[in-house]
**Q** 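Take a look at the following structure, please.
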Amino acid sequence: MSFSSMHKKSSSDNIDNANNAKRSPSKFLSALVTGISISTVGALSMTAPTLASAKTVQPSTADYSFTVEDKYKGTATRTLSKSGNTWKYNVKARVAGVASASQNSTFTINGNNVSPTQASTTYKLLGMGRTHKLDFNPSSKKVTSNYKGKSTTMNMSQQAFDDLSLEVQIRQDLLNGKFSGNYYMAKKDKIEKTPFKKSGSTKITVPAGTFDTVRVDRVHDDDSRSTSFWLAPSLDYMPVKVSQINDGKKMDLELTKIN
């Protein structure tokens with residue numbers, strides 16, 4: 001499902017696609033951003049003891065393909081890197097001629113615990129875009145969110161995460177047998193409990209190959225929504241497949257290459 005395999009569309013088809021995107025930009029962008037992050041993947045205490053012998057995810061770069069609404073096809077690249085004690089996770093996604101999105105997260109890993117410091121998400125739809133930024137202050141237990149010119153400071157009684165640092169924390173917990181399913185995510189104006197559950201193990205085949213995986217589902221309070229992740233233990237629980245349904249809109253993402 002890469003751009004190179006897409007059929008060439010007529011100009012009228014492109015206009016129809018653009019008009020459809022305009023009519024439901026929030027749903028389209030939600031699916032696009034979910035396509036490049038796991039989190040749309042017990043509660044972690046701010047003072048939880050570290051685990052000196054904890055296993056740690058390794059730096060990596062991986063390519064993905066995704067489809068939104070069985071109509072829009074795109075690609076994404078996810079790069080996890082480390083310099084000294086600082087980790088950075090960068091993700092870029094694109095649907096040709098329609099939309100693009102990028103996410104960045106900076107954090108540290110102490111034992112098993114991931115501690116984010118900054119994060120941002122930027123998306124563009126038909127040339128117009130928005131950016132959401134998060135600044136984490138562990139010492140004061142606060143998170144500041146900046147979106148559309150509005151700054152909101154939130155109390156962080158439990159460790160909260162952005163999309164990408166949450167993915168890494170879930171992977172850390174799976175690596176070290178600490179997964180309990182209860183996490184907290186910093187949103188635009190609130191910190192929200194974000195529960196997950198394990199749903200068994202299975203072998204799946206994606207463009208990058210065949211992998212033994214652990215399936216993790218997000219627990220939604222709305223039966224019309226579902227989000228599932230297939231994470232490969234052999235790749236430090238990197239996601240190899242993601243599937244989501246939101247308001248009847250389906251998104252599928254698959255790993256195509258590990259660089």
Side-chain angles (χ1 to χ4, degrees), residues 29-41 44 56-64 66 74-83 85-94 100-110 112-124 129-138 143-147 154 156 158-175 179 181-188 191-196 216 218 227-232 235-242 244 251 253 255 258-259:
L29 289 168
S30 175
L32 176 62
V33 171
T34 303
I36 62 172
S37 70
I38 187 173
S39 64
T40 66
V41 247
L44 300 174
T56 303
V57 297
Q58 296 301 303
S60 62
T61 299
D63 296 332
Y64 294 80
F66 62 90
T75 58
T77 299
R78 307 155 62 89
T79 302
L80 177 63
S81 61
K82 181 185 180 184
S83 178
N85 294 325
T86 300
W87 289 79
K88 291 186 177 181
Y89 205 163
N90 300 310
V91 181
K92 294 185 181 297
R94 180 171 177 262
S100 64
S102 64
Q103 286 185 289
N104 301 281
S105 178
T106 302
F107 51 89
T108 59
I109 301 178
N110 184 9
N112 186 57
N113 298 331
V114 176
S115 179
T117 54
Q118 291 182 320
S120 67
T121 298
T122 299
Y123 58 78
K124 291 184 179 181
R130 291 273 188 254
T131 296
H132 178 217
K133 294 183 178 181
L134 292 168
D135 289 290
F136 296 81
N137 190 329
V143 185
T144 300
S145 168
N146 288 282
Y147 182 67
M154 302 167 283
M156 188 169 57
Q158 300 283 354
Q159 177 65 68
F161 302 90
D162 60 276
D163 286 344
L164 297 179
S165 62
L166 175 56
E167 176 195 321
V168 176
Q169 183 64 72
I170 290 175
R171 292 170 63 184
Q172 281 290 120
D173 288 345
L174 289 168
L175 274 171
F179 179 85
N182 297 315
Y183 301 91
Y184 293 83
M185 189 184 300
K187 301 287 190 175
K188 294 181 178 68
I191 292 177
E192 182 176 275
K193 188 174 182 179
T194 310
F196 291 81
V216 174
R218 174 159 177 190
T227 312
S228 300
F229 310 93
W230 287 263
L231 312 175
L235 302 176
D236 295 335
Y237 291 94
M238 178 189 295
V240 298
K241 180 179 179 180
V242 181
Q244 174 182 277
M251 186 283 299
L253 173 145
L255 178 68
I258 303 171
N259 299 314

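Residue numbers count from 1 along this sequence.
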**Q** Can you measure from OG1 (T117) to CH2 (W87) and round to the nearest 0.5 angstrom?
**A**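 Between T117 OG1 and W87 CH2, I get 14.0 Å after rounding to 0.5 Å.
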**Q** Might you point out which heavy atoms bring V114 and F161 nearest each other, and give the distance in Å?
**A**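 Of all heavy-atom pairs spanning V114 and F161, the closest is O-CE2, 3.4 Å.
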**Q** With rounding to the nearest 0.5 Å, note down the distance linking CD in Q159 to CD1 in I191.
**A**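 Atom-to-atom, Q159:CD and I191:CD1 are 9.0 Å apart.
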**Q** For K193 and N182, run side chain to side chain contact (heavy atoms under 4.5 Å, CB included): C-alpha distance rounded to whole Å, both residues' side-chain angles, the deciding distance at 0.1 Å, then the answer.
**A** CA-CA 7 Å; K193 188 174 182 179; N182 297 315; 3.8 Å; yes
**Q** Quick check: closest heavy atoms across D135 and N146, and the distance to 0.1 Å?
**A**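 Closest pair (atom of D135, atom of N146, distance): OD2-ND2, 4.1 Å.
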**Q** Hey, what do you get for CE (M238) to OH (Y64), rounding to the nearest 0.5 Å?
**A**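 Rounded to the nearest 0.5 Å, the CE-OH separation comes to 5.0 Å.
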**Q** Roughly how far, to the nearest 0.5 Å, is the OG atom of S60 from the OH atom of Y89?
**A**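 Taking OH in Y89 and OG in S60, the distance rounds to 6.0 Å.
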**Q** Which heavy atom in Q58 sits nearest to a heavy atom in L80, and how many Å separate them?
**A**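 Heavy atoms of Q58 and L80 come nearest at O-CD2, 3.7 Å.
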**Q** Could you report the tightest heavy-atom contact between F136 and A160, atom names first, then the distance?
**A**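 Distance-wise, the nearest heavy atoms are CE2-O, 3.5 Å.
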**Q** State, to 0.1 Å, how close Q172 and T56 come at their nearest heavy-atom pair, and which atoms those are.
**A**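 Shortest heavy-atom contact: OE1-CA, 3.1 Å.
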**Q** Rounded to the nearest 0.5 Å, what separation is found between the NZ atom of K133 and the CG atom of D162?
**A**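 Here the rounded value is 14.0 Å.
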**Q** As an exercise, state the distance from OG1 of T121 to CG of L134, rounded to the nearest 0.5 Å.
**A**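 Here the interatomic distance stands at 7.5 Å.
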**Q** Going by the side chain to side chain contact (heavy atoms under 4.5 Å, CB included) test, name the single residue among N112, D236, I170 that passes it with L175.
**A**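 In the set N112, D236, I170, the residue that makes a side chain to side chain contact (heavy atoms under 4.5 Å, CB included) with L175 is D236.
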**Q** Under the side chain to side chain contact (heavy atoms under 4.5 Å, CB included) rule, what do D163 and V91 come out as? Steps first, then yes or no, please.
**A** CA-CA 11 Å; D163 286 344; V91 181; over 6 Å; no
**Q** Could you tell me whether N259 atom CG has more than 12 heavy atoms of other residues or ligands within 6.0 Å of it?
**A**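 Buried by this count: over 12 neighbours within 6.0 Å.
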**Q** Carefully, step by step, assess M251 and L253 under the rule side chain to side chain contact (heavy atoms under 4.5 Å, CB included).
**A** CA-CA 7 Å; M251 186 283 299; L253 173 145; 4.1 Å; yes
**Q** Ignoring hydrogens, what is the shortest heavy-atom contact between F107 and P116? Give both atom names and the distance.
**A**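 The pair with the smallest heavy-atom distance is CB-CA, 3.5 Å.
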**Q** Report yes if the side chains of P239 and R78 come closer than 4.5 Å at any heavy-atom pair, otherwise no.
**A**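 Yes; the side chains approach each other to less than 4.5 Å.
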**Q** Taking side chain to side chain contact (heavy atoms under 4.5 Å, CB included) as the test, write out the residues that go with K187, two or more places apart.
**A**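 K187: side chain to side chain contact (heavy atoms under 4.5 Å, CB included) contacts with M185, K190, E192.
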**Q** Using the rule given for side chain to side chain contact (heavy atoms under 4.5 Å, CB included), can you reason through S145 versus M154, listing the C-alpha separation, both sets of side-chain angles and the distance that settles it, and then say yes or no?
**A** CA-CA 8 Å; S145 168; M154 302 167 283; 3.9 Å; yes
